[in-house]
Amino acid sequence: MFPFRDQIYLVVYICANTYIMTSYLDELNPAQKSAVEAVNGPVMVLAGAGSGKTRVLTYRIAHLINLGLQPFNILALTFTNKAAKEMKERIEKIGGTETRNLWMGTFHSVFARILRNEASTIGYPSNFTIYDTIDTKSLLRSIVKELNLDEKVYKPGLVYNRISAAKNNLLSAAAYNSDEKVLAEDKVMAKPRLGEIYTRYESKCFKSGAMDFDDLLFKTNVLFTKSPETLSKYQDIFRFILVDEYQDTNFAQYNIIKKLSAAHKNICVVGDDAQSIYSFRGADIENILNFNKDFPGAQTFKLEQNYRSTKNIVNAANAIIDNNTSQIKKEVWTSNEDGTKIKIIKTRTDNDEGKAVAASILDLALQEQYKHSDIAILYRTNAQSRAMEEALRKNSIPYKIHGGLSFYQRKEIKDLLSYYRLIINPNDEEALKRVINYPARGIGKSTLDKLIISSNTNDCSIWEVINTHLSSCGLNKGTSGKIMVFANMILSFQAELTTKNAYDLGNHVASHAGILKELFVDKTPEGVSRYENIQELLNGVKQFTILEELSEGEASSKTLDVFMEDVALLTNVDNETDEDFDKVTLMTIHSAKGLEFPAVFVVGLEENLFPSQLSLTNRTELEEERRLFYVAITRAEKTLTISYAQTRFKFGNINYADPSRFISELPRELIEAPSSYNARSISKPNNPFLNQKKSNFVSVNKVTSLVSAPAQTNSALMKENALVEHLRFGKGKIISLDGIGPSKKATIIFDKHGTKQILLKFAKLKILS
DNA sequence: CTGTCCTCACTTTTT
DNA sequence: GTGAGGACAG
């Protein structure tokens, strides 16, 4: 029986929609259809790569709505914003279904929303700040300093991981410090004061009205544990719960899901244990392996037909994953054609690898008529993108990069956003520390230290110190005055939070705080780019303001605090524009999960890189790397190319590398005879088109090098006693040269600026004699 | 307090 | 090869 209250309405509704219902259900295969129609009770869908996992989720949601369920009674959780967005679009496509009121989003964004609604229950302000990784690490660093601990022992990243792991296992600071086992672990690691740091970190976050990423899950659990009424309220709202990528859930997420679904038990999880690649973030593959035990009476559906890839690719993927011992057996198969064999490219250096990939892309575009947007280059680490980018640029191949340093993590963006944060939540200590002296206004480090000491002794935020304890900080009159000017400026911004719309206030802050001027004056390329980034952010605020005005028509919803609500949860992917169509995609394999491309290049298949060096010590981590490789190759629809280099630059040094063990795990019969690529002499001379293209390719290279050469200093012409002119320091004489290659330095006596050491690689020196 | 130069750590992967 | 934090001089 359907658990809907209004049964009569439901029946009528079904009859009226018979046509629609049959039409969309007919688009599913038998396994998918049963997974969609099994509406009640716990359901697990084990979906092999490319087997229509998203299809099942979206059709299931559409189906629920067609059955008469209100969209706001459905909770659908994903891991990335991208997945959530795609799902929304696809549901709308199926039946023009109203999706606006669906509770659909990432774990973090949905729980942030709930936490804002219920913040007071756990003593937080509803406008709490969300600390990103940069804020968190910076706070941890200052705590380590305050405790007079060695920063080399208590590295922020390491401390962060430890605290993050604790929160993902629902261990509060208090619980951490009374857990003998955990404390013993810390002692063994020679870091016995981690618990103390955690305690301090927790209380500082609380005083600042801030939550980090992990808190969004952790505090949601606290909320539901502390207030059964709140839990029951949300249990009642979320009558149907769907979870994407269930194999990647951690303990905190698992607990929330379990609690929320306890009343109605309508929980549907979709996942593939073979694609579990987030254990470093606390994901526990046991969650999917134990679903049937955790949720009694669960039905399981297996989707094993792959619609995405050729037989060769599917078979290669199966062969790879077969090397793992812990997995749920599945028979992924496809009725697609065999397709071309997998290509393997071997090159001498990482730069050659980039060139080889670029050359192959030109081939693909020419022979197979692939569009650029059909092609993706996937790599293990973000650092690998550089060689690829360079080669693509030189060949005029348009590309877009996902990931790397997010737009919102750039210094200038964080600076401006910190002003916004401070306006909304002046207790936000990380924001305050960032901007109290930016642009420089004479409030330096020692002053800030005094404020921090006072905030510790008075057990309050720095903002409260400024407002109530400033006189007892031992500052001189001038400095106090400067602080008051700053505080009054923030107050004046605050006063306009409700009267101005987001764009007007945002713009006002940018110019009034002096940021725009500061960056405008800087005419270096970096400075110009920073200025442009600020303008872009302001454009974003403007768009938000206009959109909100159009859709809401009320003055309440377009203010800056609304804009700021989930900025911390946004990534680059979210501000992708239409200009990005028809470009080659570059991204890490992790961020490629859930995507598919006709042609895929997986690069950097070298031992110690992929599999990563850090994974080689134990079996489970190596298996995760292998699953990652599985994810990589199953992104490909038609052609798959794998490449590796014999040498690779790492930290400015050349490293030799062996081919990845994963290459030898690929069945021989699925691989094209291996070809090696030599950047100087290009093989395969038979195709006239290729020759033509390649001669272009070479000449393009030449042109670029001609263009770029004069901009750099010709270090061969640099000799002792030579007279030179520097862009900034003017004329001077070289008195000595040392170092080799990129680290070659010249000691120069300048007429007006004295003796300087100049790195030839960067200096723009003109030779006068 | 400010600006500049130097050192050093950074490389898994994301919200 | 880079960016951020620290040391140091003005």
Side-chain angles (χ1 to χ4, degrees), chain A residues 77-84 105-112 130-134 136-138 141-142 145 151-152 155-158 161 164 168 211-217 245 248 250 252-253 277-283 378-387 402-406 408-411 437 439-448 476 478-479 482 526 566 568-574 587-593 604 608-616 621 624-625 627-628 631-632 648-653 655 728 741-743 753 756-759 761-762:
Chain A
L77 297 168
T78 66
F79 275 82
T80 63
N81 296 309
K82 207 192 311 176
T106 63
F107 279 91
H108 290 85
S109 68
V110 168
F111 296 139
I130 298 173
Y131 276 177
D132 68 12
T133 317
I134 296 173
T136 302
K137 285 190 182 165
S138 144
R141 177 175 290 119
S142 59
K145 267 187 213 157
E151 279 182 74
K152 300 242 163 70
K155 291 182 197 160
L158 192 142
N161 286 340
S164 171
N168 286 331
M211 295 196 196
D212 65 20
F213 287 144
D214 301 310
D215 280 330
L216 296 177
L217 307 176
E245 310 278 16
D248 287 329
N250 61 31
Q253 288 161 326
I277 55 175
Y278 280 108
S279 73
F280 70 93
R281 208 169 76 186
L378 309 180
Y379 35 77
R380 179 66 180 81
T381 64
N382 279 309
Q384 289 167 259
S385 72
R386 188 166 307 170
H402 283 207
L405 187 64
S406 153
Y408 297 98
Q409 289 176 351
R410 288 168 193 274
K411 182 187 177 305
N437 196 32
R441 48 176 74 88
I443 306 170
K445 193 175 169 303
S446 61
T447 306
L448 189 56
N476 65 41
T479 312
K482 286 172 188 164
E526 298 81 33
D566 50 15
L569 299 173
L570 296 180
T571 52
N572 273 351
V573 184
D574 308 311
M587 59 169 79
T588 62
I589 300 165
H590 280 90
S591 43
K593 187 153 80 151
N608 295 335
L609 178 62
F610 194 14
S612 150
Q613 195 164 14
L614 301 167
S615 72
L616 296 179
E621 286 184 30
E624 176 144 320
E625 293 285 306
R627 290 194 293 269
L628 193 57
V631 169
R648 183 173 294 277
F649 267 96
K650 209 178 187 181
F651 308 140
N653 294 316
N655 280 56
R728 261 178 59 214
S743 53
H753 292 83
K756 306 239 181 243
Q757 287 224 317
I758 304 240
L759 209 56
K761 193 162 150 285
F762 296 123

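No experiment lies behind these values; they were computed from the predicted model shown. Letters A, B, ... are given to chains in the order of the sequence lines, protein chains preceding strands, and every chain is numbered from 1.
For the residue pair Gly604(A) and Phe610(A), the shortest heavy atom distance occurs at O-CB, 3.7 Å. Across all non-hydrogen atoms, the minimal contact from Gly282(A) to Asn250(A) is O-CB, 3.0 Å. Residues Ala632(A) and Leu378(A) approach most closely at O-CD1, 3.9 Å, considering heavy atoms.
Of all nucleotides listed (dT14(B), dT15(B), dC1(B)), dT14(B) comes nearest to the side chain of Asn382(A). Minimum atom distance to the side chain of Lys155(A) is reached by dC10(B), of the listed dT11(B), dC10(B), dT14(B). Minimum atom distance to the side chain of Arg386(A) is reached by dT2(C), of the listed dC1(B), dT15(B), dT2(C).
Atom CG of Asn437(A) and atom CG of Leu448(A) lie 8.5 Å apart (nearest 0.5 Å). Considering NE2 of His108(A) and OG1 of Thr80(A), their distance stands at 12.0 Å, rounded to 0.5 Å. Note: Phe107(A) CZ to Gln253(A) CD = 4.5 Å, rounded to the nearest 0.5 Å.
Rounded to a whole Å, the CD1 atom of Ile589(A) is 9 Å from the C1' atom of dT13(B). Residue Phe280(A) contributes atom CZ, which lies 13 Å from atom P of dT11(B) at whole-angstrom precision. One can place CD1 of Ile134(A) at 13 Å from P of dG3(C), the figure rounded to the nearest angstrom. Between the CD1 atom of Ile130(A) and the P atom of dT15(B) there is a distance of 14 Å, given to the nearest Å. Look at OH on Tyr379(A): it is 10 Å from P on dT13(B), rounded to the nearest Å. Following rounding to the nearest Å, His590(A) (NE2) and dT11(B) (C1') show an atom-to-atom distance of 13 Å. Protein atom CE of Met211(A) is 15 Å distant from nucleotide atom C1' of dT15(B), rounded to whole Å. Distance Gln253(A) CD to dT14(B) C1': 11 Å, rounded to the nearest Å.
For Arg141(A), the salt bridge (charged side-chain N to carboxylate O under 4.0 Å, His left out) partners at least two apart in sequence or on another chain are Glu151(A). Applying the salt bridge (charged side-chain N to carboxylate O under 4.0 Å, His left out) criterion to Lys445(A), with sequence neighbours excluded, gives Asp449(A).
The aromatic ring of Tyr278(A) is not stacked on the base of dT14(B), since the criterion of ring centres less than 5.5 Å apart with planes inclined by under 30° is not met.
Contact annotation for Asn437(A): backbone-only contact, meaning every heavy-atom pair under 4.0 Å involves sugar-phosphate atoms and none involves a base.
Toward the 5' end of DNA chain B, the nearer of the two residues Phe79(A) and Ser612(A), judged by each one's closest nucleotide, is Ser612(A). Comparing Lys137(A) and Thr133(A) by the nucleotide of DNA chain B whose heavy atom lies nearest to each, the residue mapping closer to the 5' end is Lys137(A).
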Nucleotides 6-10 of chain C: which of its N/O atoms have a protein N/O under 3.5 Å away?
from, atom 1, to, atom 2, distance (Å)
dG6(C), OP1, Lys145(A), NZ, 3.1

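For dT14(B), the OP1/OP2 oxygens have a side-chain nitrogen or oxygen of Ser591(A) closer than 4.0 Å. Residue Asn81(A) has no polar side-chain atom (N or O) positioned under 4.0 Å from OP1 or OP2 of dT15(B). Between Ser109(A) and the phosphate of dT15(B), there is no side-chain N or O to OP1/OP2 separation shorter than 4.0 Å.
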